[in-house]
**Student:** 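Structure in structure tokens, see below.
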Number of protein chains: 2
Amino acid sequence: MASILSISEIAFLIGDPARTNMLFCLQNSDMASAADLTRAAGVAPSTASEHLAKLTQAGLVSVSKMGRHRYFSLGSPQVAELLEGIDALAGKLAPDGPPEMRHDQAALHARTCGDHLAGHIGVAITQSLLASGHIRQRGKTLNLSHSGRMLFQELDVPLSPLNQSPRRFMSLCHDWSEDAFHLGGGLGGAFLETCLIRDWMRRPKGRAYVDITPKGRSILRKNFGIEAGTTIPD
Amino acid sequence: MASILSISEIAFLIGDPARTNMLFCLQNSDMASAADLTRAAGVAPSTASEHLAKLTQAGLVSVSKMGRHRYFSLGSPQVAELLEGIDALAGKLAPDGPPEMRHDQAALHARTCGDHLAGHIGVAITQSLLASGHIRQRGKTLNLSHSGRMLFQELDVPLSPLNQSPRRFMSLCHDWSEDAFHLGGGLGGAFLETCLIRDWMRRPKGRAYVDITPKGRSILRKNFGIEAGTTIPD
DNA sequence: GCCATATTTCGGTTCTAGCCGAAATATAAT
DNA sequence: ATTATATTTCGGCTAGAACCGAAATATGGC
């Protein structure tokens with residue numbers, strides 16, 4: 001027996017775009033730092049901190065302090081279930097409503113999940129890497145093959161710092177928008193960072209997705225065989 | 001694949017106390033008029049109308065026009081499922097948090113569901129009526145026995161107008177806060193109305209529950225064997 | 001100890017959603 | 001036709017939430 005107030009409070013917490021982004025990011029990749037979620041939400045760190053405080057206080061997410069990081073995850077399996085339920089309902093109720101397609105299509109096309117690429121592009125890149133053998137999946141472990149190492153070096157993605165980091169080198173996050181997997185972990189983050197530095201992609205101020213520049217489109221085409229959607233015209 | 005925006009929009013709609021009241025009222029009793037839901041939400045009719053417009057536009061509730069009434073119900077079974085999910089989660093996350101107990105305990109003790117009594121008191125009255133044989137349940141049909149008719153006449157509840165109304169004379173609504181049943185339908189509404197007129201109960205301006213007066217406590221004790229909680233001291 | 005990184009707290013601004021009351025509309029009852 | 005009831009639209013008010021930037025705190029690495 002739950003009170004109306006506590007019920008609406010929960011829904012209220014989920015019902016803010018920034019927090020929704022955080023929660024769904026957590027549903028994919030367990031263990032995200034505050035900084036990851038800040039990026040996912042597309043707000044200032046201070047704002048994200050406020051959101052996370054509210055979410056943790058309500059018990060929707062739980063936090064474990066590790067070093068100077070705070071890693072968040074969903075508070076309980078029931079939270080994940082609830083998110084799934086809302087997602088399912090949203091899919092039924094808003095069957096590709098045209099009004100929000102413009103803005104949101106771009107978001108889904110190359111959205112970001114924490115500090116790495118997700119959405120259509122994120123999944124396509126990952127599939128390309130797997131298909132070409134640059135990444136090999138054996139059971140639960142992932143390996144970057146020699147050819148893959150070459151590829152990332154060629155793209156100027158710095159790999160050496162990643163070996164010293166406590167973070168997992170690679171991981172596959174389930175992508176809720178594509179129902180497939182995208183590349184996460186340190187490598188996923190480093191790759192996106194390189195994309196931004198080299199102006200292959202641009203993150204609109206505080207958004208949870210990136211726009212792909214013409215330069216980026218040619219990179220994606222050449223290295224991954226991907227025809228990226230046009231967001232910034234040539 | 002639902003967009004973050006449409007997801008947070010749904011949660012946002014649920015996340016307002018007035019709308020939450022409406023939705024959970026609809027989960028109990030299908031077919032509630034706008035006026036019923038206005039009462040349930042505890043806001044002005046104009047405000048309720050705005051809420052209902054938003055809910056229908058989003059597809060969370062559906063509406064069927066019958067005469068000069070508009071009857072609402074939940075938009076789909078999935079909406080009901082979602083509400084259940086939130087309710088369940090709220091029960092786990094807010095295990096009797098003391099901060100909101102004061103205000104809310106009163107609300108749950110004698111809350112109203114549309115135009116009839118619900119909550120602890122509503123359920124207790126209904127159980128008393130069933131136990132004493134004033135109401136008989138045979139399969140899906142409900143009958144008011146002769147003794148029951150006498151009882152309500154004694155309490156000055158006007159029964160004759162109810163026979164002319166198109167509304168169902170009696171119904172049992174599932175009470176989400178007590179996990180039991182309370183009396184709805186025309187009789188449920190008429191009884192509450194009598195309680196308010198005779199000052200056995202008072203509805204705080206625009207709230208979705210009633211306070212029980214000392215006079216009302218004695219009525220409940222005498223007729224139903226119920227010890228109502230004290231909200232208004234003698 | 002000292003610097004860099006991660007995160008929170010604080011102060012102040014802006015914007016939106018909820019609220020009401022009054023008036024308008026629609027439909028039923030007389 | 002007129003009156004009563006049910007519901008919506010409109011205008012204006014107010015409170016609260018989200019947001020940011022700057023400064024404060026905590027922690028790890030050196």
Side-chain angles (χ1 to χ4, degrees), chain A residues 4-5 8-9 11-22 31-58 61 63-72 114-115 161 164-167 186 189 193 204-208, chain B residues 4-5 8-22 31-58 61 63-72 114-115 161 164-167 189 193 204-208:
Chain A
I4 284 285
L5 282 184
S8 57
E9 198 180 326
F12 176 81
L13 285 173
I14 304 177
D16 172 82
R19 287 190 292 256
T20 311
N21 269 302
M22 288 173 165
M31 292 251 107
S33 72
D36 291 334
L37 296 170
T38 296
R39 272 184 297 257
V43 293
S46 54
T47 307
S49 176
E50 286 167 7
H51 284 309
L52 287 169
K54 287 174 190 170
L55 289 173
T56 52
Q57 192 183 4
V61 309
V63 49
S64 63
K65 209 165 189 169
M66 284 180 64
R68 61 180 149 180
H69 293 266
R70 293 183 67 195
Y71 287 100
F72 294 86
D115 66 345
Q164 296 152 20
S165 155
R167 187 175 179 188
E193 201 179 351
K205 170 86 175 154
R207 296 275 123 176
Chain B
I4 284 286
L5 281 184
S8 57
E9 197 179 325
I10 289 175
F12 177 80
L13 285 173
I14 304 177
D16 172 83
R19 288 191 292 256
T20 310
N21 270 303
M22 290 174 165
M31 293 251 102
S33 71
D36 290 334
L37 296 171
T38 297
R39 271 185 298 257
V43 294
S46 53
T47 306
S49 177
E50 287 168 5
H51 284 310
L52 288 169
K54 287 175 191 170
L55 289 173
T56 50
Q57 193 185 2
V61 308
V63 50
S64 63
K65 208 166 189 169
M66 287 180 62
R68 62 179 149 182
H69 293 267
R70 294 181 67 195
Y71 287 101
F72 294 86
D115 67 345
Q164 297 151 18
S165 156
R167 186 175 179 188
E193 202 178 349
K205 170 84 175 155
R207 296 274 124 179

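In what follows, chains are A, B, ... by sequence order, proteins preceding strands, each numbered from 1. Just so you know, these numbers use all the heavy atoms, side chains as well, and skip hydrogens, waters and symmetry mates.
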**Student:** Only counting residues at least two apart or in another chain, list the ones meeting side chain to side chain donor-acceptor pair (under 3.5 Å) with A:Ser49.
**Tutor:** none
**Student:** My understanding is that only residues two or more places apart in sequence, or in another chain, count here; which of them pass side chain to side chain contact (heavy atoms under 4.5 Å, CB included) with B:Ala44?
**Tutor:** B:Ser46, B:Thr47
**Student:** Return the CZ to CG distance between B:Phe72 and B:Leu37, rounded to the nearest 0.5 Å.
**Tutor:**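 Atom-to-atom, B:Phe72:CZ and B:Leu37:CG are 6.5 Å apart.
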**Student:** Okay, side chain of B:Thr20, backbone of B:Ile14: is any donor-acceptor separation there less than 3.5 Å?
**Tutor:**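 Yes, because the side chain of B:Thr20 sits within donor-acceptor range (under 3.5 Å) of the backbone of B:Ile14.
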**Student:** Could you go through nucleotides 7-13 of chain D and list every protein N or O atom that sits under 3.5 Å from one of its N or O atoms, giving the distance for each pair?
**Tutor:**
| residue | atom | partner | partner atom | Å |
| --- | --- | --- | --- | --- |
| D:dT7 | OP1 | B:Arg70 | N | 2.9 |
| D:dT7 | OP2 | B:Ala35 | N | 3.1 |
| D:dT8 | OP1 | B:Arg70 | NH1 | 2.0 |
| D:dT8 | OP2 | B:Ser49 | OG | 2.8 |
| D:dT8 | O5' | B:Ser49 | OG | 3.1 |
| D:dC10 | N4 | B:Glu50 | OE2 | 3.4 |

**Student:** Look at B:His51 and C:dA17 and indicate whether a side-chain polar atom (N or O) is within less than 4.0 Å of OP1 or OP2.
**Tutor:**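 False: B:His51 side-chain N/O out of range (4.0 Å or more) of C:dA17 OP1/OP2.
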**Student:** Kindly compute the distance separating CZ (B:Arg70) from OG (B:Ser64), expressed to the nearest 0.5 Å.
**Tutor:**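 Result: 9.5 Å between the selected atoms.
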**Student:** According to side chain to side chain contact (heavy atoms under 4.5 Å, CB included), who are the partners of B:Ala48, at least two apart in sequence or on a separate chain?
**Tutor:**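 Partners of B:Ala48 by the side chain to side chain contact (heavy atoms under 4.5 Å, CB included) criterion, ordered by chain and then number, come out as B:Met22, B:Thr38, B:Val43.
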**Student:** May I ask you to list the residues of residues 12-19 of chain A, by number, that have any heavy atom positioned under 4.0 Å from an atom of DNA chain C?
**Tutor:** none
**Student:** Look at the side chain of A:Thr56 and the backbone N and O of A:Val61, then say whether any donor-acceptor pair between them is shorter than 3.5 Å.
**Tutor:** no
**Student:** Hey, does the side chain of A:Lys54 come within less than 4.0 Å of D:dA17's phosphate (OP1/OP2), counting only N and O?
**Tutor:**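 For D:dA17, neither OP1 nor OP2 has a side-chain N or O of A:Lys54 closer than 4.0 Å.
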**Student:** Check whether any side-chain N or O of B:Arg19 sits under 3.5 Å from a backbone N or O of B:Leu13 as a donor-acceptor pair, and report yes or no.
**Tutor:**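 At least one qualifying donor-acceptor pair exists.
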